[in-house]
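Order of the sequence lines fixes the chain letters, A, B, ..., with proteins taken first and strands second; residue numbering starts at 1 for each chain.
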There are 2 protein chains.
Amino acid sequence: MQPDQLSLTLSAIADPTRRAILMRLMDGEASVKELAAPFEMSIPAICKHLKVLEGAGLISRGRNAQLRPCRLEAQPLREAVGWIEEFASFWDTSLNRLDGLLERLQATDATAKKN
Amino acid sequence: MQPDQLSLTLSAIADPTRRAILMRLMDGEASVKELAAPFEMSIPAICKHLKVLEGAGLISRGRNAQLRPCRLEAQPLREAVGWIEEFASFWDTSLNRLDGLLERLQATDATAKKN
DNA sequence: AGCATATCTAACCGATCAGTTAGCTAACCG
DNA sequence: CGGTTAGCTAACTGATCGGTTAGATATGCT
């Protein structure tokens, strides 16, 4: 089963190396070698990370002589933001209204209170 | 190396089953059995997913007789939203408001000079 | 006490992941 | 042309993942 776009996006940015690469790309396009420089990691390893990011649509690649510059494509993150914000809103309401939680505890009866 | 909190959160919600569980929990607390019901998956499999979610701080567990009800804890998602919105804002400014052209010119210029 | 229910742990399995090294291809430059 | 540089693929490895079955544990019911 091939994963949905949202899962692709989220698992792509779940890796700290890939997040660092994306943040680097906010400063503008960069070559593979430039992207690899800050990491103690082989070039092929970076290539694999780039492939994951490209597969998730988070970057796109150009061609400039021997270089294959990477460019940020932040569009898929929109969906991710949308999904997560559902829960951010839940967080706002549920933490701002703690009594809702209390109601729930009381509703399941006083036996739950022990322990 | 143990992963940072943000990576924990993002990889936890990168799985569709776990996202479905979280969405279910927006309707209120639920037992493991209730959470497992919609899935064609064994109970221990669900337990593992719950453990991942708990490890990421996205749910907490109570105790009510034999039940160990799960409750949504959306707080860690705040950090995730914060991180992703950095890029959402990049998307807004560079694609919608089109200084993208300028950025790209600067970027190719920079890569041309480096090496 | 004895049984049923809810949940978890342990052990295992196949697939995927994140990294490596070695070697290939393509473009530039002398 | 030959050599250098950038990037990629292939093949391998150890770790982690997502699931399973079997069995342990804890609580409630009669």
Side-chain angles (χ1 to χ4, degrees), chain A residues 1-4 7-22 25 29-56 59-71 108-115, chain B residues 1-4 7-22 25 29-56 59-71 107-108 110-115:
Chain A
M1 184 189 68
Q2 51 186 2
D4 56 301
S7 299
L8 268 182
T9 304
L10 290 173
S11 63
I13 65 177
D15 183 284
T17 300
R18 289 194 285 264
R19 284 200 304 276
I21 289 174
L22 291 179
L25 288 178
E29 291 186 358
S31 70
V32 174
K33 200 188 174 192
E34 285 169 346
L35 290 174
F39 304 100
E40 292 178 348
M41 197 182 299
S42 68
I43 296 277
I46 298 295
C47 279
K48 285 193 181 182
H49 283 302
L50 294 178
K51 208 169 179 183
V52 172
L53 290 171
E54 192 176 11
I59 65 172
S60 63
R61 323 272 323 245
R63 169 157 253 166
N64 177 5
Q66 314 102 310
L67 307 171
R68 312 290 285 270
C70 301
R71 166 184 337 119
T108 57
D109 214 5
T111 52
K113 186 83 199 284
K114 300 290 176 81
N115 262 5
Chain B
M1 182 189 69
Q2 52 187 2
D4 56 302
S7 299
L8 269 181
T9 304
L10 290 173
S11 62
I13 65 177
D15 183 283
T17 300
R18 290 195 285 265
R19 284 200 303 276
I21 289 174
L22 291 178
L25 287 178
E29 290 186 358
S31 70
V32 175
K33 201 187 174 193
E34 285 169 345
L35 291 174
F39 304 99
E40 293 178 346
M41 197 183 297
S42 68
I43 295 277
I46 298 294
C47 279
K48 286 193 180 181
H49 282 303
L50 294 177
K51 208 169 180 182
V52 172
L53 290 171
E54 192 176 12
I59 65 172
S60 63
R61 323 274 320 248
R63 170 157 256 165
N64 177 6
Q66 314 102 310
L67 307 171
R68 306 284 208 30
C70 301
R71 166 187 338 118
T108 52
T111 52
K113 270 185 288 190
K114 289 192 181 175
N115 238 353

TODO: Give a yes/no answer on whether the side chain of B/R61 brings an N or O atom under 4.0 Å of OP1 or OP2 in C/dC8.
DONE: yes

Task: B/H49 side chain near D/dC17 phosphate (N/O to OP1/OP2, under 4.0 Å) - done: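 Result: no.
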
Rounded off to whole Å, could you give me the [atom1]-to-[atom2] distance for the [X] and [N] pair?
| X | N | atom1 | atom2 | value |
| --- | --- | --- | --- | --- |
| A/L8 | C/dT16 | CG | C1' | 14 Å |
| B/I46 | D/dT20 | CD1 | C1' | 13 Å |
| B/L53 | C/dC8 | CG | P | 12 Å |
| A/K48 | D/dT13 | NZ | C1' | 10 Å |
| A/L67 | D/dT4 | CG | C1' | 14 Å |
| A/E34 | D/dA6 | CD | P | 10 Å |
| A/R68 | D/dT9 | CZ | C1' | 13 Å |

From C-beta outward on [X], which listed nucleotide comes closest to its side chain: [options]?
| X | options | result |
| --- | --- | --- |
| B/P44 | D/dG18, C/dT20, C/dT9 | C/dT9 |
| B/K51 | C/dT7, C/dT9, C/dA27 | C/dT9 |
| A/R63 | C/dA27, C/dT21, D/dA11 | C/dA27 |
| B/V32 | D/dG18, C/dC8, D/dA6 | C/dC8 |
| A/A45 | C/dC8, C/dT20, D/dG7 | C/dT20 |
| B/C47 | C/dT7, D/dG18, D/dT27 | C/dT7 |
| B/K33 | C/dT7, D/dT20, C/dG19 | C/dT7 |
| A/Q66 | C/dC28, D/dG18, D/dT27 | C/dC28 |

For the atom pair [atom1] ([X]) and [atom2] ([Y]), what is the distance rounded to the nearest 0.5 Å?
| X | Y | atom1 | atom2 | value |
| --- | --- | --- | --- | --- |
| A/L53 | A/L22 | CG | CG | 5.0 Å |
| B/I59 | B/L50 | CD1 | CG | 4.5 Å |
| A/E29 | A/R61 | CD | CZ | 10.5 Å |
| B/T17 | B/M41 | OG1 | CE | 4.0 Å |

Open item on the list: Any strand counts, and the cut-off is 3.5 Å on both contacts for Watson-Crick or G-U wobble. Which nucleotide pairs with C/dA22?
Closed with: D/dT9

With a 4.0 Å cut-off on heavy atoms, is [X] in touch with a base, just the backbone sugar-phosphate, or nothing at all?
| X | result |
| --- | --- |
| A/I43 | nothing |
| B/S31 | sugar-phosphate |
| A/A65 | sugar-phosphate |

Open item on the list: Please check this pair: side chain of B/D15 against backbone of B/R18, looking for a donor-acceptor N/O pair closer than 3.5 Å.
Closed with: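 Checked: pair present.
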
